[in-house]
Amino acid sequence: MSDRNPLASLPRIDDLLARAGEMTEAHGRPMTTEALRRTVAEARAALRAGRDVDTDAQTLLESARADLAARRPGPPRPVLNATGVVVHTNLGRAPLSAPAREAMIDASGYCDLELDLGTGERGSRGARLAPLLADACGAQAGIAVNNAAGALVLSLAALAVGREVLVSRGELVEIGGSFRLPEIMAASGARLVEVGTTNRTRAEDYLDAGDDVAMILSVHPSNYRIEGFSEAPALGALAEVAARRGVPLAYDAGSGMLQTEAHRWLGDEPSIPGALAAGADVVIASGDKLLGGPQAGLLAGRSDLVARCRAHPLARALRLDKLRIAALVATLEAHLAERRSEIPVWAMLDASHDALLERAEHLARSLDGQVVQGMSVVGGGSAPGREMPGPVVRLDVAAPDEVARRLRTGAPALLARVEDGAVWLDPRTLAPSEDETVVSLVRIALA
Ligand SMILES: *Cc1c(COP(=O)(O)O)cnc(C)c1O
């Protein structure tokens, strides 16, 4: 062995390629060749470093196959969500309603996105959404862009570029890891002027701050809460200050709640129409949290301000594609037509105790588990600390982490919670039609 050159034992790429029929079929010849080259190069480097490497053609083909498979994860796969987190960011936030999914499929080929079929003339993609947004938000006008971060950048760029925007020190937030208000502000070209303190800011603090103020911005603290000695002005009081200063008040409401009546689980979560009624001139919100639609950023309010945003070049850069317009239209129509239960997020928030109990009991009976009182959460940076009590299923199994792993890697994947040495299934975040699948998946994982 020592007097033989181990590098000579490496098979040639062409020879490997000749045996890689299945890979070539699945991934094409160029990518298969690349993967084989990478694998052989790695083996060569390891041999040169004096490590022991299996240079058998079959082994190398197998590593190349695994390497290429890892580079081809495919599109996102469906997951059954038994975690009890309704707006689960890692699972794509709001699941779409059946009509929203159908609308996306219908729009996915050629569609009348920018064409008036009646006149044959060119239309605008925003025209289909504009009245829906205005009606749903209780606003004079509205547009929708890529996401709430985009809507905020757009409003700052269109309404305050090169000028000052007043923000409370208590609202310089980071949401979801990469949404940092000061950075968003800098990217938009507006200048941040901090007002008040971290725990207390009063309306008067906004009265004479800054010297070239274009806007006052208030941000709903979606994912945190300052407890104890804290104070923030009501939106109405801020609106008065903004009016006295002759500048618009923008409000980032976050979750995209449309209904103004109080909800038992949502406490004081602000709604878009409520914020506008309280005096905000423009409101910004997400499409895929409590609105229950696709990823989008809503911007609704005074028509002159919305028109300036619509005319800004960033509006084009941040615009929605036809698929998301389709899903957003279907979701807004459901809200407006009082068919909220058709929207999965709302079906989950509004699920009755009795309906959840019946489903939990069925799951527990089928899986030899126990029904106990548990907690679901709204999630997704909405309603911080807001929990929803409800019946959940506890499965006392020998190796809960291993069972959860098997469920997660099954087909379809099922996400459960592991806590207190048990596996937990929350029926609230599962569609009732998924219950039977859950039973078979868990039985397979336990087998
Ligand atoms: C979630 C959230 C955002 C970010 O929304 P995206 O649609 O993800 O960009 C911004 N502001 C607030 C208050 C939020 O809750």
Side-chain angles (χ1 to χ4, degrees), residues 85-96 129 133 136-137 142-157 165 167-188 190 192 201 215-226 232 235 238 249-258 266-272 274-276 278 280 282-301 309 314-315 317-321 324-325 327-328 331-332 345 377-386:
V85 181
V86 175
V87 180
H88 198 308
T89 301
N90 298 353
L91 300 184
R93 287 200 182 157
L96 295 178
L129 264 172
L133 285 170
C137 298
I143 53 172
V145 293
N146 181 58
N147 57 9
L152 189 54
V153 170
L154 176 59
S155 62
L156 290 165
V165 176
V167 185
S168 162
R169 290 198 170 84
E171 297 176 354
L172 294 174
V173 292
E174 170 172 315
I175 292 158
S178 49
F179 179 102
R180 288 187 150 182
L181 197 67
E183 289 167 11
I184 296 255
M185 191 82 85
S188 74
L192 170 64
T201 302
M215 185 158 100
I216 294 178
L217 171 65
S218 175
V219 180
H220 173 59
S222 282
N223 54 0
Y224 76 105
R225 205 170 262 282
I226 297 178
L235 212 50
L238 267 191
L249 170 64
Y251 181 63
D252 177 358
S255 71
M257 263 254 291
L258 291 178
L266 297 172
D268 50 7
E269 184 68 18
S271 74
I272 302 177
L276 289 167
V282 285
V283 174
I284 285 144
S286 269
D288 52 0
K289 295 178 182 171
L290 290 180
L291 192 84
Q295 181 191 302
L298 274 52
L299 200 161
C309 293
L314 268 180
L318 295 168
R319 78 178 182 187
L320 290 180
D321 73 301
R324 289 195 282 156
I325 288 175
L328 188 54
T331 307
L332 290 170
V345 164
V377 296
V378 177
S382 313
R386 206 70 78 193

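All of these numbers come straight from a predicted model, not from anything done at the bench. Whatever order the structure lists ligands and atoms in, that order sets their numbers, starting from 1.
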Does even one non-hydrogen atom of Gln295 get within less than 4.0 Å of ligand 1?
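Per 4.0 Å heavy-atom rule, Gln295 does not contact ligand 1.
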
Under 4.0 Å, heavy-atom basis, I'd like to know which part of Lys289 is in contact with ligand 1: side chain, backbone, both or neither.
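Only the side chain of Lys289 comes within reach of ligand 1.
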
Which segment of Glu171 sits under 4.0 Å of ligand 1 when only heavy atoms are counted
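Neither; no heavy atom under 4.0 Å.
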
Is there side-chain contact between Leu258 and Ile272, with at least one heavy-atom pair below 4.5 Å?
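Yes, close enough: below the 4.5 Å cut-off.
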
Min side-chain heavy-atom separation Leu154-Ile143 under 4.5 Å
yes

Evaluate [X] for polar contact with ligand 1, using N/O atom pairs at a separation under 3.5 Å.
| X | result |
| --- | --- |
| Ser286 | yes |
| Asp288 | no |
| Val219 | no |
| His220 | no |

Any donor and acceptor pair, going by atom type alone, linking the side chain of Arg324 with main-chain N or O of Asn146 inside 3.5 Å?
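Answer holds: yes.
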
State, to 0.1 Å, how close Val87 and Lys289 come at their nearest heavy-atom pair, and which atoms those are.
CG1-CA, 4.0 Å

Please find the pair of heavy atoms, one from Ala94 and one from Gly293, that lie closest to each other, and give the distance.
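So the minimum-distance heavy-atom pair works out to CB-O, 3.8 Å.
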
Give the atom numbers and elements of ligand 1 that come within less than 4.0 Å of a heavy atom of [X].
| X | result |
| --- | --- |
| Asn147 | 6 (P), 7 (O), 9 (O) |
| Ala148 | 4 (C), 5 (O), 6 (P), 7 (O), 9 (O) |
| Arg93 | 6 (P), 7 (O), 8 (O) |

Assess whether side chain to side chain contact (heavy atoms under 4.5 Å, CB included) is satisfied between Leu291 and Leu332, documenting all intermediate values.
CA-CA 8 Å; Leu291 192 84; Leu332 290 170; 4.2 Å; yes

With sequence neighbours excluded, what pairs up with Val167 under the side chain to side chain contact (heavy atoms under 4.5 Å, CB included) test?
Val165, Glu171, Leu172, Leu181, Met185, Leu192, Leu217

